[in-house]
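Okay, structure first, notes after.
Ligands are counted one by one from 1 in listed order, and the atoms in each one are counted from 1 as well. Just so you know, these numbers use all the heavy atoms, side chains as well, and skip hydrogens, waters and symmetry mates.
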Amino acid sequence: MNRKVDMGGLFMEQREEVNIKEILRASRMGMWRVEMEEGKPPRFYADEVMDELLGIDREITPEERFVFHRSRIHPEDMRLFQEYSDKLTEARTEIVYRYIHPVSGAMFVRCGGERDTSVTEYVAVTGIHQDISETVRIEKEKEAERRLAELNDSLRKEKRRQDIYYKELLDIENCGVLAYTMPGHKVIHMNAEALRMYGIESVEAAQRELGPLLRQVYYPDSEVLNQLKKLRNEDDMVDYECIIGKGKANECHALAKTKVVHIPTGERAVLTTFVDVSDMVMLKNALHCAEEGSRAKSSFLFAMSHDLRTPMNAIIGYAELMEAHWGEKEVTTNYLQKLKGASQFLLALIGNVLEIARIESGKETLNEAPWNLMKLEETLDILLDGEISRKQLTVNRNVNIRHANVYCDALKIREIIMNLLSNAVKYTSEGGKIVLDIDEKPSARDGFMTLQIRVSDNGIGISKEYVPYIFDAFTRERSSSESGIIGTGLGLRIVKSFVDLMNGDISVKSEPGKGTCFTVEISCRKIPEEELQQQMEDQPENVSLAGRRLLLAEDNGLNAEIAMTILQDADAEVELAADGKIAVDKLQDVPVGYYDAILMDIQMPNMNGYEATKAIRKLTDERAKIPIIAMTANAFEEDRQAALAAGMDDYVAKPVEISELFRTIMKHLK
Ligand code: ATP
Ligand code: MG
C-alpha cells in the first residue's frame, strides 16, 4: 500500500509509521477493520491507538475484540450503532456514539468507515475511531455558556423592562416621589414632580442640599414631625399634610405618605410620595373667605338694621307723640328735645357706618403730611367741653413731646384721641376724673419717634369677659336702654382700624368700677432740621389780608366764628352767608370785583357748596371767575376731586390750619 494521508497540507508516506502513530495518538484517533465471513464469527482488528482509546486488551483475539467492543456500547446508542454497521457495508458513513470505557467510563466516540472493495471473498470494512469526548465536552460547555448568555441577556432585557416600568410608575404625573437612604441620606430617586414641588432643578442639586430641602417642609400638625423622626429606627408608615416652601413663591400644599423600605443593597430607605393639593387648598380658603365674608355681611346688616331702627323708631314715636299733644307747649318741647337727640344720634351712626364702610372696603389710606403735634391739644376742647362741664368732670392733660414736628396723618390721630376721650367722658360718672397723656417715647427706628397717647378714667370700667370684643363693630358691653348711655359700638372699631393702618399698637387695661386706660403707640417720622427750616421759609410771614374782602359760606355757627376770627385777625373784611343759596345771591347783589374770593363749605342746607359753585360758574360776567376755595370736614381725596370737578379752585380741610388757609388764599388772590 502506498497511500497518502493528508494531514493539514503535510504529506507523509505511510511508511513513516512511527510518526503517523504519534500523530494519531495525539489526535486520539485509532484505526480498525472488521471482517465478516459467512459461517464464522466477525473479526475486529484494531491498531494500538484504537485499543488504547477503547481500553481493549491488545492480546485478545479479533473475535473476542468484536464481542468486547459491542458489549461496551451505551445501551441507548446500540440501535443507532447497529443501523450504522448495516449501512457501512453499502456506503461510506459516520456515527458518534457513546462507549463505556472499562476504566474511565462513558466517552464520546466518532466512528467513520467504508467497505474495502478490494476484498471479495468476505465483507471487510475499515475506518477510524476517534475519542471526541473532549470536543463534545467543550461543545457542551460552549452550549451551556451560550444558553447562560442567552439567559442573562433575557434577564437583562427583563430587568430593563422592569426598570422602565417602575420608572414610569414612579414618574407618574401629579405624584412626587422622593427616596433616600437612611442613614446615609443618599438620594435614590426623585422624580420630576418632586423636583418641581421642592422648587429645585436637578437630582444632583437636591442631593447637595437635601438637609435644607427637607427642613423647608412645614407640618401643620406638629405631631407629624415626631412620627417622622421615629422612622429613623422603626419600619413604619406616616400619612400627613405638609407645606413645602411655606411663605415662598413656590409654596406648595401636599398630601404625603412616608414609609421605610428595604432596597436590594440591603440598606434602609425613606420613600415619600406627595400629591400637590395647592389648588384644592386655595379653593377651600377662597370658599372659607367667601363664607366668612357673607357671614360678616349678614351680621353687619343685621346689626345695622337694628341700630338704625332704634333711633328711627324714637324719631317717629316722638313725632307722633308731638302730634297727639300738639298745643301743649311744655310736653312737646320735651319731645322735640328727645327727637333732636335721636336725630343727632342717627346722624352720628350714619357717619360712623360710612367710616367703617370705607375702612372695610380698603379705601381708607394714610395721608401723611408735616404736622406739629403741639396742635393736637388745640382741637380737642371744642367737641367735648359741653359734656365735660355738664358732668363736672376733671380733665388733666400732660403733653411731653420733644420732637413735635413729624410726618403723620393728623386727622386720624385726632379722631383716635376724640373717640377715646368721648368714651372716657361717656363711661365716667359725674365728678369723675379723666387724664390725657401725650408723650414722646424713643423709637427703635432711626429718624422716628414714638407717639404715646394714653386716655385714662376712673369710670365704670370694662369686664374681663368683654375686653376681647371691645374692638368689634357694633358691640357694646351694655345697650343704650340698659345703661342710658347712647353709642353705636363703632368708635373703638374705627380707632383700631386707624391704629392698624399706621402700623401702631393699642392696648387696654380696665377694672370694673375702678376705671379704664387705653394706650396707643404710633411711630412717626421726625421732620429733619433742614426740611423744617425750608418749610419755615416757605411760610408767608405775618400774612396780611388788609383791603381784601372775602365771602364765607358756612352754615355752622361755631365753624363760621372760628374762620371769621382767623381771617379778621389778618385784617380781612369777611361777610357771612349761611348757605350756598345766600352766597350766590350775595355775589349777584354786589358789583363785579366786590369780593376777592369765596370760602365755601360743602355741606350746607338749601344749596350745598358744589351746587353753589356750579351756579356761580354759570354767571355771565366776570363774577363767574371769582376764586372759590372749598372748606370742608370731608377730608378724603375723592372729596377734593369732587370740589375741583364742581369748579372750585382749591381745597382746605377742616379743622382749618391757619397757615395752610392763608397760603391757599394768597395763591388765588390777584
Ligand atoms: P360709639 O360708636 O358711639 O363710640 P360706643 O362708645 O358704645 O359707641 P365704642 O367706642 O366702640 O362704642 O366702645 C365699645 C364699648 O366699649 C362701649 O359700649 C363700652 O361698653 C366699652 N367702653 C369703651 N370705652 C370705655 C371706657 N372708657 N370705660 C368703660 N367702658 C368703655
Ligand atoms: Mg365710643
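By heavy-atom distance, the residue among I462, V425, N419 lying nearest atom 30 (N) of ligand 1 is I462.
At under 3.5 Å, not a single nitrogen or oxygen of I470, backbone or side chain, sits near a nitrogen or oxygen of ligand 1.
Residues I566 and D569 fail the side-chain proximity criterion, which asks for heavy atoms closer than 4.5 Å. R454 is not listed as a side-chain neighbour of V435, based on a closest heavy-atom distance of 4.5 Å or more. No side-chain heavy atom of R548 sits under 4.5 Å from any side-chain heavy atom of E573.
Among protein heavy atoms, the minimum distance from atom 12 (O) of ligand 1 is reached at G489 CA, 3.2 Å. In this structure, the protein non-hydrogen atom closest to atom 13 (O) of ligand 1 is L492 CD1, 3.6 Å. Among protein heavy atoms, the minimum distance from atom 5 (P) of ligand 1 is reached at Y427 OH, 3.4 Å. For atom 10 (O) of ligand 1, the closest non-hydrogen atom on the protein side is N423 ND2, 2.8 Å.
Against a heavy-atom cut-off of under 4.0 Å, K426 is close to the following atoms of ligand 1: 1 (P), 3 (O), 4 (O), 5 (P), 6 (O), 8 (O). Interface of L490 with ligand 1, defined as ligand atoms under 4.0 Å from a residue heavy atom, comprises 2 (O), 11 (O), 12 (O). Set against the non-hydrogen atoms of R476, the atoms of ligand 1 under 4.0 Å away are 5 (P), 7 (O), 18 (O). Listed by atom number, the atoms of ligand 1 under 4.0 Å from E477 heavy atoms are 18 (O), 20 (O).
Only the side chain of Y466 comes within 4.0 Å of ligand 1, judged by heavy-atom distances. Within the 4.0 Å heavy-atom criterion, the part of T516 lying near ligand 1 is the side chain and not the backbone. Residue D457 touches ligand 1 through its side chain alone, judged by heavy-atom distances below 4.0 Å.
Salt bridge status for D472 with R493: absent, with no side-chain N to carboxylate O gap under 4.0 Å. Between D596 and R549 there is no salt bridge, since none of the side-chain N atoms of the basic residue sits less than 4.0 Å from a carboxylate O of the acidic one.
Sorted by first and then second residue, the salt bridge (Lys or Arg N to Asp or Glu O under 4.0 Å) pairs involving residues 420-429 (not counting sequence neighbours) form an empty list.
Around the Mg ion (ligand 2), the protein N, O or S atoms closer than 2.8 Å are N423 OD1, listed by chain and residue number.
Between the D457 side chain and the T516 main chain, a donor and an acceptor come within less than 3.5 Å of each other. Checked by atom type and distance alone, the side chain of N367 never pairs as donor or acceptor with a backbone atom of D409 at under 3.5 Å. At distances below 3.5 Å, at least one donor-acceptor pair connects side-chain atoms of N458 with backbone N or O atoms of K433.
Heavy atoms of F518 come nearer than 4.0 angstrom to ligand 1 in at least one pair. The shell of residues lying under 4.0 angstrom from ligand 1, judged by heavy atoms, includes G461.
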Chi angles and distances behind the side-chain contact (heavy atoms from CB on, under 4.5 Å) call for Y595, K586: CA-CA 10 Å; Y595 295 117; K586 277 186 90 111; 3.6 Å; yes
Q452 and T519: CA distance, side-chain angles, deciding distance, side-chain hydrogen bond (donor to acceptor under 3.5 Å, both in side chains) verdict: CA-CA 7 Å; Q452 190 191 65; T519 307; 5.8 Å; no
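Note that CD1 of I598 is 4.5 Å distant from CD1 of I626, once rounded to the nearest 0.5 Å.
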